[in-house]
Amino acid sequence: MMQENYHAAAVEAEARALWDKLSAARAREDAPGGKYYCLCMLPYPSGRLHMGHVRNYTIGDLITRYQRMKGRNVLQPMGWDAFGLPAENAAIKNGVPPAKWTYDNIAYMRMQLKSLGFAIDWEREVATCHPKYYKWNQWLFLRMLEKGIAYKRTGTVNWDPVDQTVLANEQVIDGRGWRTGAPVEKREIPMYYLKITDYAEELLAALDVLPGWPERVKTMQANWIGKSVGVEISFPHDDGVLKVFTTRADTLMGATYVAVAAEHPLAAKAAARDPKVASFIEECRQGGVTEAELATQEKKGVPTALTVKHPLSGAALPVWVANYVLMGYGEGAVMAVPAHDERDFEFARKYGLPLCAVVRAAEAPVQEPAAMTEAFVSHDGVLCNSGKYDGLGLQAGVDAIAADLEAKGLGQKRVQWRLRDWGVSRQRYWGCPIPIIHCPACGDVPVPDEDLPVVLPEDLAPDGSGNPLAKYQPFVECSCPKCGKPARRETDTMDTFVDSSWYFMRYACRDNDNAMVDQRADYWLPVDQYIGGIEHAILHLLYSRFWTRVMRDMGLLKFDEPFTRLLTQGMVLNHIFLRKTAGGGLTYYSPEEVELKHDADGRVVTAVLKADGQPVQYDGLGTMSKSKNNGVDPQMLVDKYGADTVRLFMMFAAPPELTLEWSESGVEGAQRFLKRLWKAVAEHTAAGPASALDKAAMNAAQQDLRRQLHETVAKVGDDIGRRYTFNTAVAAVMELLNALSRAPGSGALDRALKQEAYETVTLLLAPIVPHVAEALWKGLGRKGSVMQATWPKPDPAALKRDILELVVQVNGKLRGHIRVPAGAAREEIERAALAEASVQPFIQGKSVKKVVLVPGKLVNVVAA
RNA sequence: GCCCGGAUGGCGGAACUGGUAGACGCGCGGGACUCAAAAUCCCGUUCCCUUUAAAGGAGUGUGGGUUCGAUUCCCUCUCCGGGCACCA
């Protein structure tokens with residue numbers, strides 16, 4: 001006997017007790033059904049779940065439960081991306097060691113995930129800060145070192161000259177260190193790199209065979225990898241040649257100068273003789289290292305006394321040092337063709353450098369340099385001012401010029417990648433130690449496998465300056481594995497992207513201390529469905545694809561791509577409210593502290609702080625963050641409404657890929673729906689068991705209702721299984737419930753139909769609101785857990801229609817409707833459409849030119 | 001600056017392959033129930049004009065294009081969001 005009203009707390013406790021008893025979320029390799037690996041991006045243990053987590057994991061749980069009901073053997077694991085900067089920041093602020101802070105956060109967040117009812121196999125839980133996990137980071141790093149995939153060279157970092165510390169990009173605010181306010185400098189330090197560029201071609205080409213990935217993610221990755229086919233050109237000078245790479249070799253005869261990066265050897269050579277060049281190079285050392293910062297700074301340069309020889313004409317071209325040339329791309333030098341490149345044009349105009357137009361539109365004359373107001377950038381035209389190349393098309397020009405350069409030994413066609421090798425060294429404490437020992441005699445010596453893992457001491461507390469690991473002698477001091485003499489341990493740790501590049505493999509076999517992966521990984525992987533935020537579209541996903549290939553090439557795996565299907569979810573936003581303080585600062589108020597006043601149409605008129613009744617300024621929408629004080633703690637909502645309501649709202653509010661605006665009134669709507677559903681089922685079951693449904697005895701209204709029921713089954717299955725539009729799946733079930741509650745009649749046949757309908761609704765909602773579905777299933781008299789029930793199939797007989805309603809348009813405008821038999825001939829439909837009373841006035845006195853018929857949908861009469 | 005997205009009623013969104021714009025929900029208005037309120041239920045709700053109603057016109061960020069027909073395809077611009085290699 002069901003309770004009359006819905007009580008979330010009791011329902012949810014009972015459902016979870018049942019699942020625990022059945023170990024319903026456990027995943028076994030020997031269970032029946034095809035395997036299905038449903039994976040959500042693992043959270044950083046920041047302290048509490050935020051709405052983005054709830055959204056992410058609700059989507060994953062929905063798919064997990066749906067696939068289980070479809071008969072698949074599903075694995076849904078969970079773990080913790082437990083190394084990283086926030087733990088060190090918290091340590092600096094509170095004096096708590098990062099390890100304790102991290103483990104406490106994990107314990108709390110694990111409890112939160114359990115309270116949301118996610119069907120996670122907790123026996124596979126992984127934390128990346130655990131030595132048994134990161135041992136394998138170190139082990140694979142050493143294998144990469146052996147194969148030359150990992151190597152050492154210098155790299156550029158942000159340097160805080162006051163704290164004597166390397167800063168993360170996030171810690172650089174307007175070119176200054178976040179704690180000291182000191183202007184940040186660039187500094188070159190030795191680091192380990194992984195040769196992801198060796199895999200550039202494959203990582204790019206394989207995007208074409210990832211049909212389960214969103215196009216936009218594949219486009220972003222392709223652009224990031226950035227394959228350019230062009231020509232490497234050598235410009236001879238006194239000490240050798242200056243190499244540049246260009247995709248526009250056709251414009252070579254229009255090159256009027258060359259520009260090199262501040263870090264280029266030629267710049268250093270010029271600086272030795274010219275203090276102005278030296279001071280410019282010094283100026284370029286100021287500021288951060290991000291591409292956004294470099295690309296938005298004002299374009300500046302200085303001339304040098306150096307020249308290079310044009311490889312074809314032999315003319316002397318001046319060498320400039322320019323801040324817009326990046327040392328990290330190509331050769332760190334460019335040939336400048338101001339007439340046909342926007343950046344070069346701007347730079348040449350600024351510094352009075354000459355222009356020479358060498359491309360013209362096919363029908364147009366050569367452009368006069370002085371008359372040009374912008375660069376002529378065209379991929380269609382012919383060469384001019386280029387001697388023997390005049391009149392050639394642009395591609396023909398590239399080919400001819402490349403051939404001549406090659407003959408002279410001054411150039412060749414080649415491919416250039418935008419992708420750079422992955423620098424993995426971090427000068428930070430809370431990360432996986434890089435397993436290297438520096439010996440004065442033997443150099444950099446890998447830690448022997450039998451000494452792995454190199455364990456990170458867990459009780460150090462960083463203070464913001466330098467790396468505490470480097471100051472901790474018990475860690476640093478060691479003996480050389482080769483010669484046994486005193487040596488120094490490497491104190492850099494690995495980028496946390498290393499941890500997250502393969503964690504999904506370890507869920508399959510986290511208890512194996514003898515191997516990184518085993519045959520259980522062969523069973524579960526690759527991941528069938530991966531779900532996570534769009535902000536990871538490039539780095540994390542690209543690194544995982546790379547790491548997987550490295551492991552494959554070592555014989556550890558048999559597949560190429562780690563994630564067969566990918567769903568990228570949008571961010572969760574909320575309102576921002578603030579007041580300006582007397583001192584000119586800003587105080588942000590949580591939306592929970594603010595009351596909105598609406599006018600009669602529902603528009604927001606004013607917002608006042610509940611505490612004092614005084615107005616606050618509304619500052620629009622933004623991603624939930626601590627700094628803007630606009631985060632909503634999901635735990636409060638779970639406590640207030642229950643997990644099912646929060647899950648339902650999350651799925652109903654927007655399609656998963658879209659940005660989601662937070663609104664608590666939407667939560668109330670979701671709760672209302674569950675209450676209504678509960679009450680309807682309780683009333684239905686209160687009248688006792690229903691009889692079997694006699695389909696042949698149904699009247700027209702009952703047939704219509706049953707048709708809608710089975711149309712809903714078809715739609716929800718398609719929305720969840722194929723389209724991933726969970727919002728429309730929920731809407732369809734809401735419509736069905738509306739129709740059910742309007743359906744008259746309480747005879748035996750009506751009750752039998754409603755029994756079928758409520759059982760079906762329960763199954764359709766089970767992946768989204770599993771607790772309440774469990775209670776309804778039991779209330780409807782069904783045995784066992786709804787988790788183990790079978791997903792419903794639409795009855796084709798119920799879907800059949802005899803009469804179709806068609807739309808009639810005149811010149812594309814809706815003018816009426818007609819009803820025709822399902823098999824009606826074209827002529828019959830046209831006749832009915834033209835005869836329709838509401839259509840007649842719009843075709844009177846006109847001649848019908850054409851009638852467009854879309855079968856089963858519409859008739860459009862073209863009349864003039 | 002570069003790359004990738006997005007923009008539809010008062011609000012979140014729907015319209016799946018170019019075919020009825022606004023499903024579903026929120027909010028709001030009206031009504032029922034109630035001593036009253038909350039909760040619940042019922043009705044209405046894109047805008048404009050005329051209006052008892054019926055009907056008509058306009059309308060999917062901007063401006064253009066293709067088409068019998070465009071929220072959907074193409075081009076232009078504006079604004080917003082994500083990423084830019086050391087936040088995760």
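Every chain is numbered from 1, with letters handed out A, B, ... down the list of sequences.
The side chain of K813(A) places an N or O atom within less than 4.0 Å of a non-bridging phosphate oxygen (OP1 or OP2) of rA58(B). Contact between the side-chain N/O atoms of N223(A) and the OP1/OP2 oxygens of rC2(B) is not found at any separation under 4.0 Å. At rG12(B), none of the side-chain N or O atoms of N727(A) fall inside 4.0 Å of OP1 or OP2 (strictly under the cut-off). Contact check, R723(A) against rA15(B): a side-chain N or O comes under 4.0 Å of OP1 or OP2. OP1 or OP2 of rG25(B) has at least one side-chain nitrogen or oxygen of N738(A) nearer than 4.0 Å. Look at T496(A) and you'll find a side-chain N or O under 4.0 angstrom from OP1 or OP2 of rA88(B). For R672(A), a side-chain nitrogen or oxygen approaches OP1 or OP2 of rG27(B) to under 4.0 Å.
Exactly one of Y192(A), Y193(A), Y543(A), F497(A) qualifies for a ring pair (Phe, Tyr, Trp, His ring centres under 6.0 Å) with W422(A). That residue is Y543(A).
Residue-to-nucleotide contacts include a donor-acceptor pair under 3.5 Å from the side chain of N860(A) to the base of rC68(B).
Scored by the salt bridge (charged side-chain N to carboxylate O under 4.0 Å, His left out) test, K857(A) finds no partners at all (sequence neighbours excluded).
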request  = Let me have RNA chain B in dot-bracket notation, would you? Count Watson-Crick plus G-U wobble pairs, both distances under 3.5 Å, and use [ ] for pairs crossing earlier ones and | for inter-strand partners.
outcome  = (((((((..(((......[....)))((((((.......))))))(((.......)))..(.(((..]....))).))))))))....
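How far CD of Q427(A) is from OG1 of T493(A): 8.0 Å, rounded to the nearest 0.5 Å. In this structure, CG in L39(A) is found 12.0 Å from CG in L567(A), a value given to the nearest 0.5 Å.
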